[in-house]
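The structure appears below as structure tokens.
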Amino acid sequence: MPELPEVETVARDLQRWIRGATIRDATVSWDRTIRHPLPPERFVAEIRGATVRRIDRRAKSVLVHLTDGRVMTVALRMTGALIVAEPGVAADPFARVIFSLADGRELRYRDVRKFGRIGLWEGGGLRRSGTKAAAKAPGRVGDVFAAHGPEPLSRSFTVARFAERFRRRTKRIKPLLLDQSFIAGVGNIYADEALWRARIHPLRAADSLSEDEIRRLHRSIRTVLRQGIADRGASFSDYVGADGQPGSAAEKLKVYRRTDQPCYRCGRPIRRMVLDTRATHFCEHCQK
DNA sequence: ACGCCTACCTGCTTGC
DNA sequence: TGCAAGCAGGTAGGCG
């Protein structure tokens, strides 16, 4: 799926293009896209007539803030995309939800694999950290993200704050980076990229990392995510921005899906292994 | 509470 | 050419 840089790209596009738009109507063609417990018909009735105040991102979700304070969350998961279509653009057989805007455009939620979920919540609670119980039965939008870890690109995400989280964590570092309660927004592409950049082996136990390694990893995570945003995200098959166009970040990746190709640092072949069911790419010579 | 594994879906690529 | 298996950006939920 889209990871942090891809979701951030979509959110910024939408902020530019549909801020202030009014949703005249919505059509849901795959019911399970609408997140429990809201029935799809209720969702449509609730969203009809709403006006978009602002769009941003939390973790890997797009947040559409409405003028009445409610917030629509869009979790794109593996193949979700939010695309603004001008009037007259051909129908999309993979559009699962279509929002008709009052100005004649459409906001289309496209999702080939149908894993993505759209929710509608009362506002509030986004700034507080919250409890896991709240995350299990969300009421306010903040509850949805109550169990999530810190935003890696936020000002408050310091090395010290990152380092604290490593205490007594025996888990291997790669799966830990994918754990959204440890750090939000990092996915399979950028986890591999950050570890390569920091020269840390994906199988290392988290609590075995030295201060210097944690510092390198902190910096690497922020660097690869920012680079991904600058290139409008990494596209392999499905990911596109709200303009419907792929990003160019995939061209600059150092290890992800570069199995057997030479490491950019030492020239030895990049290895691929499966770790907790996820493909993991690394250089066994320069990642220790 | 943690950690590991499966299920959820469809389309594309690969190998016989 | 055809067909089956393998693969994919994620994460709830169930098990031990």
Side-chain angles (χ1 to χ4, degrees), chain A residues 1-10 29-37 57-62 73-82 92-97 109-119 131-138 143-149 165-194 203 205-207 224-225 228-229 231-241 246-253 255-260 272-281:
Chain A
M1 144 6 179
E3 306 179 27
L4 186 154
E6 291 74 32
V7 180
E8 180 70 26
T9 299
V10 171
S29 53
W30 182 255
D31 283 358
R32 299 180 63 178
T33 297
I34 307 305
R35 188 175 155 165
H36 199 76
R57 177 195 60 76
R58 169 75 172 109
K60 298 176 191 169
S61 286
V62 173
T73 55
V74 185
L76 282 54
R77 296 280 181 88
M78 292 290 265
T79 54
L82 280 167
D92 180 348
F94 298 107
R96 310 302 182 190
V97 181
Y109 176 68
R110 170 193 168 91
D111 190 353
V112 172
R113 290 177 71 183
K114 303 175 175 173
F115 288 168
R117 295 291 180 264
I118 297 179
T131 66
K132 285 201 175 162
K136 264 196 90 178
D143 299 339
V144 176
F145 303 100
H148 277 66
R165 306 182 72 77
F166 282 78
R167 268 192 257 279
R168 289 185 300 277
R169 294 305 297 252
T170 56
K171 209 169 156 173
R172 295 164 299 189
I173 187 63
K174 160 81 190 275
L176 188 61
L177 290 178
L178 297 181
D179 179 346
Q180 298 300 295
S181 68
F182 182 72
I183 183 171
V186 176
N188 210 32
I189 298 176
Y190 298 97
D192 282 2
E193 293 299 309
L203 294 179
D207 61 4
V224 299
L225 294 176
I229 294 170
D231 293 327
R232 294 186 51 82
S235 297
F236 287 95
S237 55
D238 299 278
Y239 166 73
V240 290
S248 62
E251 300 160 22
K252 293 192 189 163
L253 299 179
V255 281
Y256 186 76
R257 293 208 200 175
R258 289 197 64 246
T259 311
D260 295 336
R272 177 186 187 275
M273 68 193 256
V274 176
L275 221 181
D276 286 0
T277 76
R278 310 302 304 278
T280 298
H281 312 78

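Small disclaimer: the values here were computed from a predicted structure and weren't measured. Here is the naming used below: chain letters follow the sequence lines, and residue numbers restart at 1 for every chain.
Between the side chains of A/Thr79 and A/Asp111, at least one donor N or O lies within less than 3.5 Å of an accepting N or O.
Phosphate proximity of C/dT11 to A/Gln180: present, with a side-chain N or O under 4.0 Å from OP1 or OP2. For A/Lys60 and C/dG10, the shortest distance from a side-chain N or O to OP1 or OP2 is below 4.0 Å.
Rounding to whole angstrom units, NZ of residue A/Lys171 and P of B/dC4 are separated by 7 Å. A straight line from OH of A/Tyr109 to P of B/dC9 spans 13 Å, rounded to a whole angstrom. Distance A/Met78 CE to C/dC7 P: 13 Å, rounded to the nearest Å. Here B/dC2 presents its C1' atom at 13 Å from CG of A/Asp276, a figure rounded to the nearest Å. Taking atom NZ on A/Lys174 and atom P on B/dG3, their separation rounds to 17 Å, with Å as the unit. Between the CZ atom of A/Phe182 and the P atom of C/dT11 there is a distance of 16 Å, given to the nearest Å. If you measure from atom CZ of A/Arg117 to atom C1' of C/dT11, you get 10 Å, rounded to the nearest angstrom. Atom pair A/Asp179:CG and C/dG10:P shows a separation of 13 Å (rounding to whole Å applied).
Contacts of A/Arg257 with the nucleic acid, taken as non-hydrogen atoms under 4.0 Å apart, involve only primed sugar atoms and P, OP1 or OP2. Among the heavy atoms of the strands lying under 4.0 Å from A/Ala279 are primed sugar atoms or P, OP1, OP2 only; no base atom is included. Among the atoms of the strands shown, base atoms are found under 4.0 Å from some heavy atom of A/Asp238.
Inter-residue side-chain proximity for A/Glu193 and A/Val255 is flagged as met; some heavy-atom pair is nearer than 4.5 Å. Two residues are said to be in side-chain contact when any heavy atoms from C-beta on lie closer than 4.5 Å; A/Ile118 and A/Tyr109 meet this criterion. Considering only heavy atoms from C-beta on, A/Pro138 comes within 4.5 Å of A/Arg35 through its side chain.
Checking B/dT6, C/dC7, C/dG10 against every side-chain atom of A/Arg272, the shortest atom distance belongs to C/dC7. In this structure, of B/dT6, C/dA8, B/dG3, it is B/dG3 that holds the atom nearest to the side chain of A/Arg169. You'll find that the side chain of A/Arg32 is closest to B/dC9, out of B/dC9, C/dG10, B/dC4.
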### Query
Stepwise, does the side-chain contact (heavy atoms from CB on, under 4.5 Å) test hold for A/Arg169 with A/Asp179?
CA-CA 12 Å; A/Arg169 294 305 297 252; A/Asp179 179 346; 3.9 Å; yes
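With centroids closer than 5.5 Å and planes inclined by less than 30 degrees as the test, A/Phe115 and the base of C/dT11 fail to qualify as a stacked pair.
Nucleotides B/dC9 and C/dG14 place their P atoms 15 Å apart, quoted to the nearest Å. A distance of about 15 Å separates the P atoms of C/dG6 and B/dA7, rounded to the whole Å.
Side-chain N or O atoms of A/Arg165 include one that pairs as donor or acceptor with a backbone N or O of A/Phe182 at under 3.5 Å.
Using a cutoff of 4.0 Å between basic side-chain nitrogens and carboxylate oxygens, A/Arg272 and A/Asp260 are not scored as salt-bridged. In summary, A/Arg113 and A/Asp238 do not engage in a salt bridge, as defined by a charged side-chain N under 4.0 Å from a carboxylate O.
Considering CD1 of A/Ile189 and OH of A/Tyr256, their distance stands at 5.0 Å, rounded to 0.5 Å. Atom CG in A/Leu176 sits 11.0 Å away from atom CG in A/Asp276 (nearest 0.5 Å).
Along DNA chain B, the nucleotide nearest to A/Thr277 and the one nearest to A/Leu176 differ in position, and the one closer to the 5' end is contacted by A/Leu176.
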### Task
Can you run through DNA chain C from 5' to 3' and write each base as (, ), [, ], | or . depending on how it pairs? Watson-Crick or G-U wobble, both distances under 3.5 Å.
.|||||||.|||||||
Is there any protein nitrogen or oxygen under 3.5 Å from a nitrogen or oxygen in nucleotides 10-16 of chain B, and what are the pairs?
| unit_1 | atom_1 | unit_2 | atom_2 | d |
| --- | --- | --- | --- | --- |
| B/dT10 | OP1 | A/Lys114 | NZ | 2.5 |

